[in-house]
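So the structure is just underneath, and the comments pick up after that.
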Protein chains: 2
Amino acid sequence: VGFGLGIGTRIRKSAFFDATVAAGVTHFTTYNHMLMPVSYGDTVAEYWALVEGVVMWDVACQRQVQLSGPDASVLAQAVVCRDLSGADVGQGRYTPMVDHSGRLMNDPVTLRVDGERWWISLADSDMLFWCRAIAAERGLAVEVVEPDVSPLAVQGPRAEDVVADLFGEWIRDIRFFRYEPTEVEGIPIQLGRAGWSKQGGFELYLLDGSRGTELWNLVAEAGAPHGICPGTPNYMERIESALLSYRGDTLDDSDPFEARLEPFVDLDSDVDFIGREALIALRERGLRRQLVGIMIEGGPIEGPQHPWPVRHRDALVGSVRAAARSPRLDRNIGLAIVDVPANALGTDLVVQSQHGRRGAIVVDLPFIGR
Amino acid sequence: VGFGLGIGTRIRKSAFFDATVAAGVTHFTTYNHMLMPVSYGDTVAEYWALVEGVVMWDVACQRQVQLSGPDASVLAQAVVCRDLSGADVGQGRYTPMVDHSGRLMNDPVTLRVDGERWWISLADSDMLFWCRAIAAERGLAVEVVEPDVSPLAVQGPRAEDVVADLFGEWIRDIRFFRYEPTEVEGIPIQLGRAGWSKQGGFELYLLDGSRGTELWNLVAEAGAPHGICPGTPNYMERIESALLSYRGDTLDDSDPFEARLEPFVDLDSDVDFIGREALIALRERGLRRQLVGIMIEGGPIEGPQHPWPVRHRDALVGSVRAAARSPRLDRNIGLAIVDVPANALGTDLVVQSQHGRRGAIVVDLPFIGR
């Protein structure tokens with residue numbers, strides 16, 4: 001079933017919108033109240049370009065919340081679950097955000113831009129308002145705004161060559177989740193080694209939204225000798241790599257543990273943050289459900305539009321949140337939220353898909369790249 | 001330019017999704033992280049059905065924030081700009097929400113469901129998280145959740161007849177913005193006289209999301225003798241009626257005054273709420289820009305995808321947020337945000353549309369129904 005997308009001023013366009021239209025984008029979703037490309041017409045071709053070559057993605061919908069001022073670091077530490085005390089300037093960290101009850105609200109990358117300035121690079125929820133609420137209620141001396149920052153991702157095994165051709169060989173020394181201020185043709189950019197794939201690459205944070213088409217074209221030109229293609233965050237690759245999609249792979253009351261984010265929650269350090277006590281209590285209580293990998297039997301499937309019910313021995317135990325045929329594994333793979341103990345590896349499940357009932361089994365994550 | 005919409009589990013379907021697909025929906029937007037129908041293929045026909053007959057709309061994306069518990073009324077009063085002290089059970093009020101600096105964040109209808117329970121029926125922003133932040137930071141004894149409530153609107157001059165046929169003649173006595181608990185065929189409903197048009201009608205708040213298709217079909221059957229059609233909140237009618245579209249007609253730092261919401265901001269009562277002092281200061285400062293009506297010269301236009309720049313005597317003074325050919329006026333009408341003093345009635349403007357440069361003039365609002 002295919003539907004058209006109504007377009008107006010309520011959902012904002014990205015700085016790269018015109019460029020993506022010129023490049024042939026066919027499908028959008030929305031993310032942080034912006035249009036986000038999700039296909040140029042052949043997502044399998046985009047997949048292979050991502051895992052074997054290089055692709056460029058408009059991910060300007062990763063909106064930033066900028067915290068600046070004397071209490072910026074106090075607020076940053078209050079709103080994320082990671083210990084930020086050792087963060088260097090230019091260092092990003094994957095930082096779940098939870099509310100006072102420990103419910104997951106976002107899973108951004110938080111970057112220390114300079115001593116008193118932080119950028120929180122958001123998944124899809126209005127954390128700008130959340131940060132303003134906490135700042136104002138606590139009387140913190142901090143300004144909370146959305147800055148003019150539009151990320152453009154260059155991903156894939158040949159991404160480094162493209163970015164080196166554009167910015168210089170020095171970029172090869174940038175470590176993972178490190179960001180450097182730079183420019184190209186006078187366009188200001190914060191350049192980091194990051195991106196929502198496991199294929200390696202960079203994010204170019206465009207710092208002047210009026211120059212999106214210029215930057216897009218410069219990357220396309222630098223990438224042409226390397227075979228760069230326009231693409232989008234790839235549904236198949238992100239399932240293979242078990243990259244979390246907040247809202248897709250989580251429920252309204254999910255906590256970081258069930259979403260497999262425990263490595264990114266610092267409960268054993270001294271730092272305090274919103275939800276810390278609730279998370280300690282949840283950790284002591286133990287898991288009640290969990291996001292798990294599943295292999296699904298039979299011929300190729302398409303992903304769920306409505307979540308698929310999941311049963312174990314005729315009892316409803318959860319739902320499939322994402323599923324696809326893995327091109328590299330040539331198997332049907334998926335991510336499901338299931339109740340304990342059906343989360344145990346090897347558990348037999350039955351999923352009710354739009355393709356009918358299919359057997360499935362719980363497997364370890366990630367599917368590729370363990 | 002037409003684009004497809006990628007559909008997955010991240011953007012939720014409404015309780016009426018399957019029914020709207022069966023009814024022939026062709027285009028969606030997203031709203032509060034849900035799919036919202038915006039066309040069944042002929043929005044002009046849907047317009048005439050709305051203004052001359054009766055239409056039914058899936059507006060389940062008007063998500064509710066439910067406040068319940070001993071401090072529910074304290075929290076409700078803290079987060080909206082209206083004096084709620086006189087609110088009866090079953091009474092709704094149009095209630096702008098602003099942050100501590102007076103910036104508009106939402107313009108919901110707030111309903112007192114019972115003595116200690118409120119529903120805030122949202123425009124498109126995550127006020128669930130905002131309300132939880134305020135409640136937790138202030139230590140209020142209140143539970144803040146999204147309840148199982150899915151509004152279905154029946155709008156137009158024949159809406160009352162349809163709803164009376166379905167629920168009984170008593171519904172004719174329901175006053176504007178009053179809501180009554182009721183049921184039909186055992187389906188629990190909160191029925192109110194409300195809706196996002198100026199054509200009159202009702203909203204049926206479905207209180208059991210598993211019964212969306214049942215309710216849709218009951219309304220369609222009751223409406224058939226009255227010529228009911230599936231439709232959606234209508235872009236042309238809402239511009240004619242000057243109904244605000246939050247995010248479309250507002251900017252990130254818009255205040256309620258520039259959005260023409262002063263009648264719904266109670267600064268002269270004794271009640272305190274978030275942003276009150278900031279709004280008093282903004283009122284004293286005076287308007288710097290305003291949402292205004294404009295008439296645009298020339299042949300029929302389509303609305304802006306990107307906001308159209310607006311000039312007055314060659315100076316950039318704002319942007320057009322929405323525009324359409326009014327079927328009843330047979331004129332091009334629009335809503336623009338312009339700087340003072342270009343907001344004065346009769347000001348000559350030039351708009352840069354996708355149809356080329358057009359002359360325009362500032363006019364009074366609403367266009368119809370003054």
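Since the model is a prediction, treat every value here as computed from it, not as a measurement. Below, read A as the first sequence line, B as the second, and so on, with proteins coming before strands; counting in each chain starts at 1.
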- Message: Please identify, among Leu5(A), Val145(A), Val320(A), the residue contributing the most non-hydrogen atom pairs under 4.5 Å to chain B.
- Response: Leu5(A)

- Message: At a 4.5 Å cut-off on heavy atoms, which part of Tyr246(A) comes close to chain B: side chain, backbone, both, or neither?
- Response: both

- Query: Salt-bridged, Arg247(A) to Asp126(B), with N to O below 4.0 Å?
  - Reply: yes

- Query: Quick one: what part of Ile274(A) sits under 4.5 Å from any heavy atom of chain B, side chain, backbone, both or neither?
  - Reply: side chain

- Thr9(B) (side chain) donor-acceptor with Arg321(A) (main chain) under 3.5 angstrom: yes

- Residue Val25(A) versus chain B: region with a heavy atom under 4.5 Å: both

- Roughly how far, to the nearest 0.5 Å, is the CD1 atom of Ile134(A) from the CD1 atom of Ile134(B)? 7.0 Å

- Note on the structure: Separation between OG1 (Thr30(A)) and CZ (Arg10(B)), nearest 0.5 Å, reads 6.0 Å

- Heavy-atom pairs under 4.5 Å with chain B, option from Ser319(A), Ala136(A), Gly303(A) with the top count: Ala136(A)

- Among His33(B), Arg103(B), Met127(B), residue most engaged with chain A (heavy-atom pairs, under 4.5 Å): His33(B)

- Task: Side chain from CB out, backbone as N, CA, C, O: work out which of these in Asp124(A) comes under 4.5 Å of a heavy atom of chain B, or both, or neither.
- Result: both

- Task: May I ask you to name which of Ala322(B), Ser245(B), Ala135(B), Ser125(B) has the most heavy-atom pairs under 4.5 Å with chain A?
- Result: Ser125(B)

- Item | Interface residue of largest heavy-atom contact number with chain B, from Tyr31(A), Phe17(A), Trp130(A), under 4.5 Å | Trp130(A)

- Item | Residue part contacting chain A, namely of His306(B), when any heavy atom lies under 4.5 Å | both

- Note on the structure: Sequence neighbours excluded, the answer for side chain to side chain contact (heavy atoms under 4.5 Å, CB included) partners of Val38(B) is His27(B), Thr29(B)

- Under 4.5 Å from any heavy atom of chain B - which part of Met36(A): neither

- Task: Answer whether the closest heavy-atom distance between the side chains of Met105(B) and Arg132(A) falls below 4.5 Å.
- Result: no

- Query: salt bridge (Lys or Arg N to Asp or Glu O under 4.0 Å): which pairs involve residues 12-34 of chain B, sequence neighbours left out?
  - Reply: Arg12(B)-Glu146(B)

- Message: If you count heavy atoms of other groups shown closer than 6.0 angstrom to CD of Glu302(A), is the number above 12?
- Response: no

- Rounded to the nearest 0.5 Å, how far apart are CG of Asn106(B) and CZ of Phe129(A)? 8.0 Å

